[in-house]
Amino acid sequence: MASIGLIAPYKKLYYESLKVKKQFKIDELDVRMGLLSSAADVAKNLIKNGSEIIITRGRTARFIKDQFPELPLVEITISSYDIARAIIQAKRISKKIALITFSDMFYDKLDLSTLFDADIKYIKVEKEEEITESMKDIVKEYNVIVGGFSTFDKAQKMGYHSILIDSGKDSIYQAITQAQNILQYRKDVAKQSELIETVIENTPIGIITTDRDDRIKMINRPALKILKTPQEFVIGKKATSVFPKLDKKRGGLINGFRDDKIVFHVKAMDIFASNIGSIISLEKISDISEKENYIRREFAKKGHFARYNFSDIVGESRAIKNIVEMAKRYAGFDITVLINGETGTGKEMFAQSIHNLSQRRNGPFVAVNCAALSGNLLESELFGYVEGAFTGASKSGKTGLFEMAHKGTIFLDEIAEISPAIQAKLLRVIQEKIIMRLGDDKTIPIDVRIIAATNKDLKAMVENGDFREDLFYRLNVLTLKLPPLKHRTGDVRVLFDYLINNHVYSLKLEKPIIDNNCYQILENHDWPGNIRELDNFCQRLLVASDTGYINAELFSFILGSDNELSEKIKLDDQDIYEALKHNNFNKTKTAQMLGIGRTTLWRRLKDMQDITDINDSKM
């Protein structure tokens, strides 16, 4: 029986959903037609046939939610691409277009007329009954109406030209993926329910459970030990009466036995949107400090930790502030993130910041440069191997990076560079949440959040057959498009001052006086290498200045030589080879010497066919 039901309120969505089901072989999906008048009966029939979650859109979604408040529901969102397609289609009829939407759509802040070269009247309604009145007011001046199904249906019945904002394949697939994730979560909860009592009793953290009336139902031995309280003193009593200083909404810090400081965390237990009680966890401050110190020491030893936070991202422009706010929101959801941006825009800094604000902040952060390793080497690094897996394999085998990232985050930089074979393996890891070491026949379950990054257009690569479509959709769930420095109005000067101050401190120099004319030169430069280029320039500028004063002439000279060096690096392979020899093939030192990022150096080395004796084991 199908576990996911999709109710399509109109035929095109119905047939498009069937195509998605067939293309991605989603056997657990049951697609049905269901207009608003019959949607409730369709939903009842789907539930009877095994559907545990319903997917639909628009007013049908709101209707189903009202009729079945405890039934998990996923709404097919209307994307900007869907609206754009509808407006373009409407332009074929007339350039005088009325766009009518409900308030949950976001086009009200955009100049649509300029964007689409048409006279577009945007009307936002709050209730369905407002749609008809709105149409009556505008049809004399505007020739075609664009909107959701409610608007489209009413316009058709009134005899007006109308275009439906249709949900595309991407929107349908994302809704199905979200439903699958919800279903998987529910299955995991059901599977683990019989073990909860045993786990709670044996966990080293103190745990108290309460019912919906706040009465304590269970307290485990670690909690009794921390509180030095007999079990019979607390069972059946209200948590707020046993611990009067406890904030049930936020937890907090209270005094325990003999003035031990105890931290409480309170988490509501919700099943199908219905509260059944709370879980209260408690630990002594001294125990937490000891654990945190141990974890930080271990991560620091392996290098698997994130040192950047959102507070480290410098900039005052609206472009960077918007993307930071979006990234902060993404951090709160344990979902895959795809970061796209030019070289030097700070993709890893964003990845680390997301990790450090997420619920996985106390877990490892493992960064992998997919462009730096060949196919076979990348495979063994990602998934590990067992003894005898291949010639030269360590006798003790090797733990893969996915295993090392368990309960944390893995950052796959330059994801566009992975081979088709590894793309297939990565897809299986995302779908099954298991890995298999090279040479092994056993699977290992993992709990890892994936953040991927690229400076390439993955969708174009999919269309060209260079990247798997199914993997693209698995990665392209939450997306961030980092703006290049040239689009961050006003940030160049802010970043320049910040980097100069940092390097003055690290190089142990006196801060120079900078002529005001230098800032005009600074802001007129295009910065194709983005923040990394600006950072390299700041270091060169400080090293070149020995008088404590930087004038426009020196500024321009250093900036010009920086550009010349960049061009030289692009064109002259021999210089790269000489720099490698000078640094004993240490790539980190070589990149620093050349003033480029290590990823850029890796790309250049891949193109240099005449260099065959580079020692890949030296970093």
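Predicted model only: the values in this text are computed from it and were never measured.
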Taking 4.0 angstrom as the limit, do Asp413 and Lys347 come out as a salt bridge?
no
Within a strict 4.5 Å, meaning less than it, do heavy atoms of the Val337 and Phe350 side chains meet?
no
Excluding sequence neighbours, so at least two apart, what forms salt bridge (Lys or Arg N to Asp or Glu O under 4.0 Å) with Lys511?
none
Quick one: does Leu475's side chain get under 4.5 Å of Leu412's, heavy atoms only?
no
Do Asp535 and Asn502 have side-chain heavy atoms sitting under 4.5 Å apart?
no
Distance-only polar pair, side chains of Ser317 and Asp491, donor-acceptor under 3.5 Å:
yes
Would you sort out whether Asp170 and Lys459 count as a salt bridge (Lys or Arg N to Asp or Glu O under 4.0 Å), showing the intermediate values?
CA-CA 12 Å; Asp170 291 357; Lys459 193 158 190 178; 3.0 Å; yes
Search all heavy atoms of Ala367 against all heavy atoms of Glu348 and return the closest pair with its distance.
CB-OE2, 3.5 Å
Does the plane of the ring in Phe411 sit parallel, tilted or perpendicular to the ring in Phe365? Use 30° and 60° as the thresholds.
parallel
With no hydrogens and no angle check, is any side-chain donor or acceptor of Asn369 less than 3.5 Å from a backbone partner on Ala371?
yes
Within a strict 4.5 Å, meaning less than it, do heavy atoms of the His265 and Ile280 side chains meet?
no
Check: Pro484 main-chain N/O paired with Asn530 side-chain donor or acceptor under 3.5 Å
no
What heavy-atom pair brings Ala405 and Ile410 nearest, and what distance separates the two atoms?
CB-CB, 4.0 Å
Does NZ or CZ of Lys425 lie under 6.0 Å from the centre of the six-membered ring of Phe402, at an angle within 45° of the ring axis?
no
Using atom types as modelled and distance alone, determine if a side-chain donor or acceptor of Ser380 lies under 3.5 Å from a backbone N or O of Leu377.
yes
Non-hydrogen atoms of Ala416 and Phe467 that approach each other most closely
CA-CE1, 4.3 Å
Heavy atoms only: give me the nearest Ala351-Ile451 pair and the separation to one decimal.
O-CD1, 3.7 Å
Are any side-chain N or O atoms of Gln423 and backbone N or O atoms of Ile418, one a donor and one an acceptor, separated by less than 3.5 Å?
yes
Kindly check if the number of other-residue, nucleotide or ligand heavy atoms within 6.0 Å of OH (Tyr549) is above 12?
yes
Interatomic distance, Leu499 atom CG to Ser506 atom OG [nearest 0.5 angstrom]:
10.0 Å
Passes ring pair (Phe, Tyr, Trp, His ring centres under 6.0 Å), Phe555 versus Phe537? Steps please.
CA-CA 10 Å; Phe555 198 93; Phe537 168 69; 5.0 Å; yes
Closest contact, heavy atoms only, Pro222 versus Pro204:
CB-O, 3.6 Å
Pairing donors with acceptors under 3.5 angstrom, does anything connect the side chains of Asp515 and Asn517?
yes
Heavy-atom check, side chain of Leu522 versus side chain of Leu534, under 4.5 Å:
yes
Does the pair Asn455 and Glu342 meet the rule for a side-chain contact (heavy atoms from CB on, under 4.5 Å), with working shown?
CA-CA 5 Å; Asn455 61 2; Glu342 296 177 6; 5.5 Å; no
Decide if atom CD of Glu553 counts as having more than 12 heavy atoms of other residues, nucleotides or ligands within a radius under 6.0 Å.
no
Within the 4.5 Å heavy-atom criterion, are Tyr308 and Ile313 side-chain neighbours or not?
no
Going through the checks in order, is the side-chain contact (heavy atoms from CB on, under 4.5 Å) test met by Ile435 and Leu382?
CA-CA 9 Å; Ile435 61 103; Leu382 288 176; over 6 Å; no
Residue list, salt bridge (Lys or Arg N to Asp or Glu O under 4.0 Å) with Asp457, at least two apart or on another chain
none
Within the distance-only criterion (no hydrogens, no angle test), does the side chain of Asn340 pair as donor or acceptor with the backbone N or O of Lys456 below 3.5 angstrom?
yes
Calculate, to the nearest 0.5 Å, the distance between atoms CZ and CG belonging to Phe310 and Leu357 respectively.
6.0 Å
Do Gln174 and Gln178 pair up side chain to side chain, a donor and an acceptor below 3.5 Å, judged on atom types alone?
no
Ile415/Leu458 under side-chain contact (heavy atoms from CB on, under 4.5 Å): CA gap, chis, key distance, verdict:
CA-CA 9 Å; Ile415 189 70; Leu458 283 187; 4.1 Å; yes
I need the Arg488 CZ to Thr345 OG1 distance, nearest 0.5 Å.
9.0 Å
In Å, rounded to the nearest 0.5 Å, how long is the span from OH of Tyr385 to OG1 of Thr399?
10.0 Å
Would you indicate whether the side-chain heavy atoms of Val504 and Ile500 approach each other to under 4.5 Å?
yes
Looking at Thr479, is its backbone amide N or carbonyl O close enough to the side chain of Tyr330 to form a donor-acceptor pair, meaning the two atoms are under 3.5 Å apart?
yes
Could you go through the side-chain contact (heavy atoms from CB on, under 4.5 Å) check for Val314 and Ile531 one step at a time?
CA-CA 10 Å; Val314 178; Ile531 301 171; over 6 Å; no
Let me confirm one number: the CZ-OG1 distance from Arg474 to Thr336, rounded to the nearest 0.5 Å.
9.0 Å
Looking only at atom types and distance, does a side-chain atom of Arg468 sit under 3.5 Å from a main-chain N or O of Val462, one as donor and one as acceptor?
no
Assess whether salt bridge (Lys or Arg N to Asp or Glu O under 4.0 Å) is satisfied between Asp447 and Arg360, documenting all intermediate values.
CA-CA 10 Å; Asp447 177 11; Arg360 296 176 178 267; 2.5 Å; yes
For a quick check under 3.5 Å, do Tyr173 and Asn476 share a side-chain donor-acceptor pair by atom type?
no
Any donor-acceptor N/O pair, Asn309 side chain to Asn356 backbone, under 3.5 Å:
no
Residue pair Thr77 / Asp82: nearest heavy atoms and the distance that separates them:
O-OD2, 3.9 Å
OG1 of Thr409 to CZ of Arg449, rounded to nearest 0.5 Å, is 6.5 Å
Under the 3.5 angstrom rule, does the side chain of Ser556 hit a backbone N or O of Ala552 as a donor-acceptor pair?
yes
Side-chain contact, heavy-atom cut-off 4.5 Å: Gln352 with His355?
no
